[in-house]
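Beneath this line is the structure, given in structure tokens, with notes to follow.
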2 protein chains.
Amino acid sequence: MQSFTEENYLKIIYHLAEKTGNVQTNAIAEQMQTKPASVTDMIKKLAEKGFVDYIKYQGVTLTEKGRNAAIEIVRKHRLWEVFLVDKLNFKWDEVHDVAEELEHIKSTALIERLDEFLGFPKSDPHGDPIPDKNGRFAKTQFTKLIDLKIGDQGTITGVSQHSSAFLKHLEKLGLTLGKQIEISDVTDFDGSVEILIAGKQINISREVAKHILTSSNGKN
Amino acid sequence: MQSFTEENYLKIIYHLAEKTGNVQTNAIAEQMQTKPASVTDMIKKLAEKGFVDYIKYQGVTLTEKGRNAAIEIVRKHRLWEVFLVDKLNFKWDEVHDVAEELEHIKSTALIERLDEFLGFPKSDPHGDPIPDKNGRFAKTQFTKLIDLKIGDQGTITGVSQHSSAFLKHLEKLGLTLGKQIEISDVTDFDGSVEILIAGKQINISREVAKHILTSSNGKN
DNA sequence: AATAATTTTTAGATTTACCTAAAAATATAA
DNA sequence: TTATATTTTTAGGTAAATCTAAAAATTATT
């Protein structure tokens, strides 16, 4: 199996690849909070072990093997998050760092039993889908709140930013998973969005609206 | 805080010190499955950090700080074992290795909430006491089964050997925690012990009897 | 297309935890 | 109490993951 560090690289490459396909050295370095030179070293090692395809100066892509390993880590991370929130009463903004450690525990039996204990959850406390033990999970359909038009309605189904500060902010505004919202206005000046939630009118910044995911298709 | 490896050294020194007080380099090396030279290196580091008192050629003893750190790790290990057995239906012989990894997760909140979730258990699946969050726990009173005399009765309250092979063996013989036993005979030839358990007569080797702990004071 | 800017890689060091082989200290036995 | 055996330490080295500084390749700009 892989080391703690190798696993973190695989996970980060996987997340970056979701958007871009080919993953750049500098992008990995930024996410790993390390230097590009260190990334090059590690990439070579991962390539040697068959986790990534690597062409000098052209970035990396995960191999089948690499993707499977990454998905397994994502699965562990998200299951542990569910455990922390559902069973230990953590808030959704408190779980990330601990799950970051727990995801590296190596035991297939542990994860399968945890999955069962939690009732085979399909998504984590932030709305992200949890891969099943074969690595399969539904591609989530969502529309960013920022892309909704005035009058559109929707349900909050996820977030694309997991920082504690952001999540605490949402919590305070009542913008949690499952909540119904309607776009009542968009401010030209700063792009902020006025939404109707639980009968109340609130204003959220463009930055916040960008990271809220909804189940609306935009039409009401 | 300490590294994964440092924590393992502290834990092992703590367990060795329970019996002997002063802990020898070779004893640590054996437990850590490493070489004495490596142990000397690590000991120096732990001494510098104030976790142990160390005099060359004289072995080590834990400082207050070192003992506290060790007890915290033991607490985590045992709480996770309870979780695995009580919540995830692991058998008592399956939990050691996984708990060995889980004990290194660094989060006070996690452990306090886990403790609460489990109902503040006082002992782990092998009968070992669980320190509370202040590191306090009752010194367990026990008599080794091997030290009981013919006619003595007792209850199995723990084991002093956690290998899967040993625990599976006990399981098969029905010698699990809480079971009532009575010594019916001791064989001169090989020191094996005949015991009465659940109305049945069974024979256990001296080696097995040495590692079963009971609550009997020897008199019946 | 040539130059400038950016990205990525190489080269050479550092730190942590480990190793082997040999030396030094301590403990045991003749 | 000297010789022998055991334990422990030192010295010098290795592998993993990181670093800095400089070189090389790629991309963007004029």
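Please read these numbers as outputs of a predicted model, since none were measured by experiment. Each chain gets a letter, A, B and so on, in the order the sequences are listed, and its residues count up from 1.
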What is the distance, rounded to the nearest whole Å, between atom CD of A:Glu30 and atom C1' of C:dT8?
16 Å
A:Leu88 to B:Phe117 - nearest heavy-atom pair and separation
CD2-CB, 3.4 Å
Assign A:Phe4 to base, sugar-phosphate, or nothing according to its heavy-atom contacts below 4.0 angstrom with the strands shown.
nothing
Atom-pair distance (CD1 on B:Ile43; P on C:dC18), nearest Å
12 Å
The side chain of B:Ala37 lies closest to which of these nucleotides: C:dT10, C:dT20, D:dT8?
C:dT20
Any side-chain N or O of A:Lys56 below 4.0 angstrom from OP1/OP2 of C:dT7?
no
Cation-pi check for A:Tyr14 against A:Arg67: NZ or CZ below 6.0 Å from the six-membered ring centre and within 45 degrees of the axis, yes or no?
no
Heavy-atom nearest nucleotide on DNA chain D for A:Gln58 versus A:Pro36: which residue maps closer to 5'?
A:Pro36
To the nearest Å, give me how far apart CD (A:Glu48) and P (D:dA15) are.
13 Å
To the nearest angstrom, how far is B:Asp41 atom CG from D:dT14 atom C1'?
13 Å
Any side-chain N or O of B:Tyr57 under 4.0 Å from OP1/OP2 of D:dT10?
no
Quick one: do B:Lys49 and B:Glu6 make a salt bridge, cutoff under 4.0 Å?
yes
Tell me whether the OP1 or OP2 atom of C:dT8 has a side-chain N or O from A:Asn26 closer than 4.0 Å.
yes
How many Å lie between CG on A:Leu46 and P on D:dA16, as a whole number?
13 Å
Provide, to the nearest angstrom, the distance between the CE atom belonging to B:Met42 and the P atom belonging to C:dC19.
11 Å
Over how many whole Å does the gap from B:Asn8 atom CG to C:dT16 atom C1' extend?
15 Å
Between A:Lys35 and C:dT8, is there a side-chain N or O to OP1/OP2 distance below 4.0 Å?
no
Give me the one residue out of A:His126, A:His96, A:His104 that meets ring pair (Phe, Tyr, Trp, His ring centres under 6.0 Å) with A:His77.
A:His96
For a quick check of understanding: with a heavy-atom distance under 4.0 Å over all strands, which category does A:Ser38 fall into, base, sugar-phosphate or nothing?
base
Specify the separation, in whole Å, of atom CG of A:Asn22 and atom P of C:dT8.
10 Å
Check whether any side-chain nitrogen or oxygen of B:Gln24 sits under 4.0 Å from OP1 or OP2 of D:dT7, and answer yes or no.
no
For B:Thr25, report the nucleic acid contact type (base, sugar-phosphate, nothing); a contact means any heavy atom under 4.0 Å.
sugar-phosphate
Per the side chain to side chain donor-acceptor pair (under 3.5 Å) rule, what does the pair list look like for residues 51-64 of chain B, sequence neighbours excluded?
none
For the rings on A:Phe4 and A:Tyr9, is their centre-to-centre separation under 6.0 Å?
no
Within the pair B:Tyr54 and D:dT9, is there a side-chain N or O less than 4.0 Å away from OP1 or OP2?
yes
Would you indicate which nucleotide in D:dT10, C:dT26, D:dC19 comes nearest to any side-chain atom of A:Thr34?
D:dC19
Side-chain N,O (A:Ser3) to OP1/OP2 (D:dA16) below 4.0 Å:
no
